[in-house]
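Below you'll find the structure, written out as structure tokens, and then a few comments.
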Amino acid sequence: MTTTFPDVTISTERLVLRPLEEEDVTALAEMMNDENITAWTSAPYPYTRAHARAWATRDSHAERTEGRGIVLAVTEFLTQRLVGIVHLRNTNWRTRATEVGYVTAPWARGEGYAGESVLAVAQWLFREQGFERLELRTAADNTASQQVAQKIGCISEGVLRNAWTVRTQTADGGWTDTRTDLIVWSLLPEDLDEGDGYDGYESYDTYGSHGGNGAHPGRAVPGQRSDANGRPVGADRK
């Protein structure tokens with residue numbers, strides 16, 4: 001039984017998804033230091049060039065070769081700029097199921113890149129790799145991430161109570177951990193067969209799914225979080 005993903009490049013109308021490279025280090029470090037990515041993911045903060053280099057040249061590739069998942073850099077087709085990351089992780093090869101996480105660079109938000117890239121990976125996963133389930137987990141207050149899940153056709157399955165930690169910015173500019181619920185979504189092959197679950201490039205600003213260093217209507221979604229200075233955190237993000 002195959003227990004690793006192939007070294008692959010996936011293309012869409014606007015994007016190219018490929019393995020991370022040494023040349024991505026600068027853009028990756030800049031992207032991962034965005035305060036919204038810090039707030040919603042478990043990426044190190046501050047995210048140094050050393051972190052970026054280790055992830056781009058070693059750790060992301062080990063995800064694939066060791067069978068845990070695959071990490072894909074999302075780049076614009078025309079400019080080749082790094083748009084974000086899509087990360088398949090926690091892969092179960094016996095049940096052919098995996099979890100997706102993702103982040104989007106601040107400059108690229110509002111273009112629908114998150115939905116486009118995750119849907120492309122889902123299509124590849126189901127149609128070429130024979131997978132049967134893609135799971136996505138979003139923090140309860142992460143409304144933009146939830147909008148992306150809905151946009152690509154995911155189904156809300158329920159809530160994992162108090163199952164994750166997000167970061168909230170403090171008055172002195174630091175960060176503190178806060179417990180939160182996780183909303184669980186899934187996408188199955190038949191969900192794509194009903195129309196691919198995506199009908200355009202409607203914009204949702206995207207900061208990243210829970211967890212990873214990327215990178216649910218099962219209940220009412222709480223109001224948007226703010227930092228200690230009253231600024232919105234995670235607005236319209238995935």
Side-chain angles (χ1 to χ4, degrees), residues 27-52 54-55 59-60 71 73-74 82-87 89-90 99-115 117-118 135-151 154 156 159-185 203-216 219-238:
L28 179 62
E30 180 179 349
M31 175 178 71
M32 297 303 294
N33 274 303
D34 175 67
E35 66 178 19
N36 291 302
I37 291 177
T38 300
W40 292 110
T41 77
S42 61
Y45 180 82
Y47 197 92
T48 66
R49 285 185 61 86
H51 288 129
W55 187 241
D59 298 342
S60 65
V71 179
V74 182
L82 183 68
V83 166
I85 302 291
V86 173
H87 182 184
R89 59 196 179 211
N90 300 326
E99 179 185 343
V100 65
Y102 50 92
V103 295
T104 301
W107 67 267
R109 293 171 191 157
E111 299 294 333
Y113 286 150
S117 58
V118 174
E135 185 172 299
L136 172 63
R137 300 182 178 193
T138 64
D141 288 354
N142 189 348
T143 56
S145 189
Q146 294 156 23
Q147 289 171 328
V148 170
Q150 292 171 323
K151 185 67 176 177
C154 291
S156 171
V159 177
L160 300 176
R161 297 186 301 160
N162 209 34
W164 188 247
T165 300
V166 297
R167 298 180 181 118
T168 302
Q169 200 162 25
T170 58
D172 62 2
W175 296 88
T176 185
D177 289 343
T178 303
R179 302 291 304 191
T180 188
D181 296 346
L182 284 177
I183 304 174
V184 180
W185 305 78
S203 65
Y204 296 112
D205 288 343
T206 303
Y207 312 147
S209 61
H210 97 281
N213 54 355
H216 320 317
R219 66 177 242 178
V221 176
Q224 180 181 310
R225 294 190 303 121
S226 298
D227 64 22
N229 299 311
R231 294 174 299 175
V233 173
D236 292 340
R237 159 228 181 247
K238 157 44 180 161

Please check if any side-chain donor atom of Thr176 sits under 3.5 Å from a side-chain acceptor atom of Thr168, or the reverse. no
Answer whether the closest heavy-atom distance between the side chains of [X] and [Y] falls below 4.5 Å.
X: Asp181; Y: Leu160; result: no
X: Leu28; Y: Tyr47; result: yes
X: Val71; Y: Ile85; result: yes
X: Leu82; Y: Met31; result: yes
X: Glu135; Y: Val100; result: no
X: Asn33; Y: Tyr45; result: yes

With salt bridge (charged side-chain N to carboxylate O under 4.0 Å, His left out) as the test, would you mind laying out the steps for Asp34 and Arg109 before giving the verdict? CA-CA 12 Å; Asp34 175 67; Arg109 293 171 191 157; 2.8 Å; yes
Donor-acceptor under 3.5 Å ([X] side chain, [Y] main chain):
X: Asp177; Y: Arg167; answer: no
X: Thr41; Y: Thr38; answer: no
X: Thr165; Y: Arg179; answer: no

Show the nearest heavy-atom pair for residues [X] and [Y], with the distance to one decimal.
X: Ser42; Y: Trp164; value: CB-CZ2, 4.2 Å
X: Ala140; Y: Gln146; value: O-NE2, 3.0 Å
X: Glu35; Y: Trp175; value: O-CH2, 3.3 Å
X: Ala29; Y: Thr48; value: CB-O, 4.3 Å

Glu30: which residues meet the side-chain hydrogen bond (donor to acceptor under 3.5 Å, both in side chains) condition with it, sequence neighbours left out? none
Separation between OG1 (Thr138) and CG (Leu182), nearest 0.5 Å, reads 7.5 Å
Reported CG-to-NE2 distance for the pair Asp59 and His51, which is rounded to 0.5 angstrom: 10.0 Å
From CA spacing to verdict: side chain to side chain contact (heavy atoms under 4.5 Å, CB included), Glu99, Leu136: CA-CA 6 Å; Glu99 179 185 343; Leu136 172 63; over 6 Å; no
